[in-house]
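Everything on this sheet refers to the single structure shown next.
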Amino acid sequence: MRENPLVLHVLGARPNFVKAAPVVRGLADLGIRQAIVHTGQHYDALMSDVFFADLGLPEPIANLAVGSGSHARQTASLLTGLEEVVERHVPDLVVVYGDVNSTLAAILVCAKLHVPTAHVEAGLRSFDREMPEEVNRVVTDALADILLVTSPDGLSHLANEGVPASKVHLVGNPMIDSLFSALPKLDPEPVKARLGLPERYAVATLHRPANVDDPESARELVEAVLAVGEQVPIVVPLHPRGRTRLAEAGLVTGDNLSIIDPLGYVDFLSLVRGAALVVTDSGGVQEETTMLGVPCLTVRANTERPITITHGTNRLVTPATLPAEASKALADGAATPSGELPPLWDGAAGPRIARVIEAWLRGDNLAPASQGVPPATS
């Protein structure tokens with residue numbers, strides 16, 4: 001490695017920004033040179049620019065502005081753009097996050113160019129290969145040199161796939177670091193006032209292909225959400241993905257239903273913190289509601305985050321069962337996590353990840369899994 005090695009973070013979608021911020025801070029505290037590439041997979045200012053500001057992320061050295069498109073077209077643009085960036089800046093390590101197409105493209109580019117990589121949020125599995133994200137997870141973990149795992153089940157999944165234990169480190173969840181940092185700023189009242197919401201309301205976030213791409217599936221989902229709206233007012237910060245399809249299926253502003261543009265990080269979590277119920281198909285929201293103690297109904301057949309069910313407030317539902325489950329959740333009131341919170345979801349994942357990376361850059365031999373996590377510092 002060079003005397004002053006460079007760590008390059010590849011970020012493409014808003015969950016990536018939330019996970020990366022604590023890692024970037026942790027590496028900065030250790031004096032490690034780093035830079036960010038924004039692929040522009042989420043290109044709207046409300047989906048990316050405001051997140052950089054809310055999370056205190058430095059300006060990216062490049063914005064590839066790939067925008068939306070089919071998986072093939074988007075990934076092809078990402079491969080071309082990321083190859084040019086990596087060849088120009090010659091990083092010693094590239095860090096990728098989560099399971100979006102930007103992550104897949106970066107891991108492929110680096111594998112071909114023989115540039116080492118680290119994957120934050122490794123080992124998550126839904127075991128549903130029809131999910132594009134699941135394919136991205138499996139390929140990324142197969143090629144990454146450092147696998148940074150957020151929950152213990154990820155260790156088992158990687159072991160079952162034959163990933164060498166020497167690559168794997170249980171570090172906790174950096175998304176929770178960002179949540180803990182933001183907690184003092186999470187005030188639902190100003191957001192509720194701005195949106196004209198009553199004291200009791202629900203929040204819904206819906207964008208997964210299985211829910212919104214097929215017209216019949218979108219119709220079933222919208223009917224279920226409208227049925228929940230008969231029980232409690234719902235506000236839906238609507239992801240650009242699937243907006244047209246959901247609108248065609250009837251998800252439009254009306255009685256007890258407010259469709260709004262995506263919110264910034266602090267505003268969105270403030271809204272979630274004050275909600276009586278959250279309906280989602282997002283992975284990150286399952287984690288955030290777990291920590292905030294907000295009842296969460298996930299409209300999916302499976303989850304790559306089962307720890308949010310065993311240790312949190314999350315339940316899996318179908319469109320058919322959503323109205324009844326919402327009624328039960330609203331009647332039960334505020335949720336409490338089931339037992340102890342997930343291990344190492346303590347707000348110190350970023351420093352742990354930074355110390356793993358620092359040790360790797362020095363060439364230190366790290367013990368595998370949780371035994372090899374250098375201690376976090378305050």
Side-chain angles (χ1 to χ4, degrees), residues 14-15 17-19 21-22 46-47 50-51 53-56 150 172-207 225 228-229 231-239 256-299 303 305 307-309 311-315 325-326 328-338 340-342 345-350:
R14 57 194 289 168
F17 312 144
V18 181
K19 296 161 193 168
L46 293 172
M47 299 291 287
V50 71
F51 269 55
D54 280 354
L55 294 162
T150 57
N173 191 340
M175 182 172 273
I176 304 307
D177 292 25
S178 290
L179 175 58
F180 282 180
S181 295
L183 272 177
K185 296 181 285 187
L186 301 186
D187 182 1
E189 296 306 320
V191 185
K192 286 164 55 181
R194 191 168 76 243
L195 298 176
L197 292 174
E199 184 63 27
R200 197 166 190 247
Y201 63 91
V203 177
T205 67
L206 307 163
H207 72 279
V225 171
V228 176
Q231 305 174 46
V232 64
I234 305 179
V235 59
V236 187
L238 199 55
H239 195 294
N256 268 18
L257 180 67
S258 299
I259 308 300
I260 63 172
D261 287 332
L263 296 170
Y265 179 68
V266 171
D267 280 353
F268 176 72
L269 281 186
S270 295
L271 194 67
V272 168
R273 190 179 196 181
L277 173 69
V278 170
V279 177
T280 191
D281 56 15
S282 163
V285 174
Q286 296 172 50
E287 296 175 338
E288 289 158 344
T289 50
T290 283
M291 302 305 291
L292 292 172
V294 177
C296 180
L297 300 178
T298 298
V299 191
T303 178
R305 293 165 169 86
I307 202 165
T308 64
I309 297 174
H311 289 66
T313 61
N314 185 33
R315 294 205 302 273
E325 290 288 348
K328 182 178 184 303
L330 291 167
D332 290 345
T336 55
S338 306
E340 296 181 1
L341 290 174
W345 288 24
D346 56 3

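Throughout, residue positions are numbered sequentially from 1 according to the sequence presented.
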[X] side chain near [Y] side chain, heavy-atom distance below 4.5 Å:
{"X": "L195", "Y": "L271", "answer": "yes"}
{"X": "V279", "Y": "I234", "answer": "no"}
{"X": "F268", "Y": "V285", "answer": "yes"}
{"X": "L186", "Y": "L179", "answer": "yes"}
{"X": "H311", "Y": "L341", "answer": "no"}
{"X": "T313", "Y": "P295", "answer": "no"}

Mind checking the [atom1]-[atom2] spacing from [X] to [Y]? Nearest 0.5 Å is all I need.
{"X": "S270", "Y": "K192", "atom1": "OG", "atom2": "NZ", "value": "11.5 Å"}
{"X": "N173", "Y": "R305", "atom1": "CG", "atom2": "CZ", "value": "7.5 Å"}
{"X": "T303", "Y": "R315", "atom1": "OG1", "atom2": "CZ", "value": "14.5 Å"}
{"X": "T205", "Y": "D281", "atom1": "OG1", "atom2": "CG", "value": "6.0 Å"}
{"X": "D346", "Y": "I176", "atom1": "CG", "atom2": "CD1", "value": "10.0 Å"}
{"X": "L263", "Y": "L269", "atom1": "CG", "atom2": "CG", "value": "10.0 Å"}

Which pair of heavy atoms, one from [X] and one from [Y], lies closest together, and at what distance?
{"X": "I307", "Y": "P342", "result": "CD1-CB, 3.4 Å"}
{"X": "L330", "Y": "Q231", "result": "CD1-OE1, 3.9 Å"}
{"X": "P174", "Y": "K19", "result": "CB-O, 3.4 Å"}
{"X": "R200", "Y": "A276", "result": "CG-CB, 3.9 Å"}
{"X": "P198", "Y": "P233", "result": "CG-CG, 3.7 Å"}

Steps toward side chain to side chain contact (heavy atoms under 4.5 Å, CB included) verdict (V225, L206): CA-CA 10 Å; V225 171; L206 307 163; 3.9 Å; yes

Any sub-3.5 Å donor-acceptor pair from [X]'s side-chain atoms to [Y]'s backbone N or O?
{"X": "W345", "Y": "T150", "value": "yes"}
{"X": "N314", "Y": "Q286", "value": "no"}
{"X": "S178", "Y": "V18", "value": "yes"}
{"X": "D177", "Y": "P22", "value": "no"}
{"X": "Y201", "Y": "N256", "value": "no"}

Check ion pair R194-D267 (N to O, under 4.0 angstrom):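 Yes, this pair counts.
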
N-O pairing of E288 and R273 below 4.0 Å: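 Salt bridge between E288 and R273, a charged N being under 4.0 Å from a carboxylate O: no.
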
Derivation and outcome, salt bridge (Lys or Arg N to Asp or Glu O under 4.0 Å), residues E325 and K328: CA-CA 5 Å; E325 290 288 348; K328 182 178 184 303; over 6 Å; no

L297 vs T280, side chain to side chain contact (heavy atoms under 4.5 Å, CB included): CA-CA, chis, key distance, verdict: CA-CA 6 Å; L297 300 178; T280 191; over 6 Å; no

